[in-house]
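Have a look at the structure below, then the notes.
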Protein chains: 2
Amino acid sequence: MTDLEPLWRHLLGRRLRVLRLAHGEKLAETAARAGVSPQYLSEVERGLKEPSSEMIAAISGALGLSLLDLTLGLSDDLRSFHELAASDYRPSALLMAA
Amino acid sequence: MTDLEPLWRHLLGRRLRVLRLAHGEKLAETAARAGVSPQYLSEVERGLKEPSSEMIAAISGALGLSLLDLTLGLSDDLRSFHELAASDYRPSALLMAA
DNA sequence: GGGCCGCTCTGCTGTGAGCGGAACGCCGCA
DNA sequence: TGCGGCGTTCCGCTCACAGCAGAGCGGCCC
């Protein structure tokens with residue numbers, strides 16, 4: 001169960017990047033609006049850093065998201081993750097098909 | 001919108017405490033199962049510390065929760081928060097009634 | 001080939017995560 | 001009523017890391 005889930009920072013980071021790209025924005029644009037460095041936003045998106053609560057608020061705010069929007073989206077991502085895990089997905093099967 | 005929401009660490013901490021108490025557990029019990037100090041768990045629950053992703057996983061795991069359970073619960077909490085805010089709740093009105 | 005752009009890498013410093021010992025309040029019992 | 005135990009919080013500490021500035025890398029265009 002919990003062994004198979006991503007860590008919080010990976011889950012969060014992936015969603016933030018997906019949303020930023022969906023908005024057609026560059027790292028520097030979103031970072032500037034959030035008041036953080038582009039380097040740092042890159043790290044957060046790649047799950048390399050643990051953002052503080054204030055940073056989470058600033059970055060999601062810059063993407064026009066409330067914490068509610070964010071947690072709902074993360075729940076969706078985790079559901080998809082569980083569904084994928086339940087489908088007995090095997091990377092080696094894909095490699096052989098390619 | 002985002003101005004009126006709680007910070008992530010407060011949101012998370014409140015839910016973890018509520019769930020622990022709902023399980024009828026003491027700080028020390030849950031902390032031991034999570035492999036953290038009781039002092040630290042107390043701090044996390046009160047939103048005084050920013051737990052790392054591994055700590056979030058350990059504590060929620062100790063409460064029998066997946067990250068999905070957790071994010072769903074947090075979304076519910078935020079919805080309640082927004083509903084309360086939308087009802088034009090006024091602390092001073094309550095104080096006068098008491 | 002050089003400049004520009006977008007993103008990532010590298011190294012740094014001050015801050016805070018996580019914890020051990022102590023303190024506090026509450027409760028039950030002799 | 002004083003004491004011990006329990007549950008939680010306070011306090012101070014150390015070292016890891018959050019957040020960032022400068023540099024590096026690859027791609028694209030003139």
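Just so it is clear, the structure is predicted and the values come from calculations on it, not from any experiment. Residue numbering restarts at 1 for every chain, and letters A, B, ... go by the order of the sequence lines.
- Between the side chain of A:E50 and the base of C:dA17, no donor-acceptor pair of N or O atoms lies under 3.5 Å.
- Note: CG (B:L48) to P (C:dT15) measures 19 Å, nearest angstrom.
- Side-chain N/O atoms of B:S80 and B:D77 include no donor and acceptor closer than 3.5 Å.
- Rounding to whole angstrom units, CE of residue A:M55 and C1' of D:dC20 are separated by 9 Å.
- With hydrogens and angles ignored, the 3.5 Å screen pairs a side-chain donor or acceptor of B:E5 with a backbone N or O of A:L68.
- Applying the 4.0 Å criterion to OP1 and OP2 of C:dA17, one finds that B:R9 has every side-chain N and O outside that range.
- D:dA18 atom C1' lies 15 Å from atom CD of B:E54, rounded to whole Å.
- The one candidate from A:T30, A:I59, A:L21 that meets the side-chain contact (heavy atoms from CB on, under 4.5 Å) condition with A:L16 is A:I59.
- Here D:dG7 presents its P atom at 7 Å from CD of B:E29, a figure rounded to the nearest Å.
- Closest approach to the A:S42 side chain among D:dC20, D:dC10, C:dT8 is made by C:dT8 (side chain taken as heavy atoms from C-beta onward).
- Checking D:dG22, D:dT8, D:dC10 against the side-chain heavy atoms of B:R46 singles out D:dC10 as nearest.
- B:K49 has its NZ atom 15 Å from the P atom of C:dT15, to the nearest Å.
- Each of C:dT10, C:dT8, D:dC11 was ranked by its minimum atom distance to the side chain of B:E43; first place goes to D:dC11.
- Comparing C:dA17, C:dC19, D:dC20 by their nearest atom to the side chain of B:S37 picks out C:dC19.
- Residues B:E25 and B:R20 are not paired through a salt bridge, judged by the lack of any N-O separation under 4.0 Å between the basic side chain and the carboxylate.
- Between C:dC7, C:dC19, D:dA18, one nucleotide has an atom nearer to the side chain of A:R20 than all others, and that is C:dC7.
- The distance between atom CD of A:Q39 and atom P of D:dA23, rounded to the nearest whole Å, is 12 Å.
- You'll find that the side chain of A:L27 is closest to C:dC7, out of C:dC7, D:dT8, C:dC19.
- Note on B:K26: only backbone sugar-phosphate atoms sit closer than 4.0 angstrom, heavy atoms only; bases stay farther off.
- Of the residues near DNA chain D, A:S52 and B:R17, the one whose nearest nucleotide (by heavy atom distance) lies more toward the 5' end is B:R17.
- The distance from atom CG of A:L41 to atom C1' of D:dA18 is 14 Å, rounded to the nearest whole Å.
- When heavy atoms are screened at a 4.0 angstrom cut-off, A:V36 is found touching the sugar-phosphate backbone but no base atom.
- Distance, A:E45 CD to C:dC9 P: 13 Å, rounded to whole Å.
- B:T71 places a side-chain N or O within donor-acceptor distance of the main-chain N or O of B:L67, the cut-off being under 3.5 Å.
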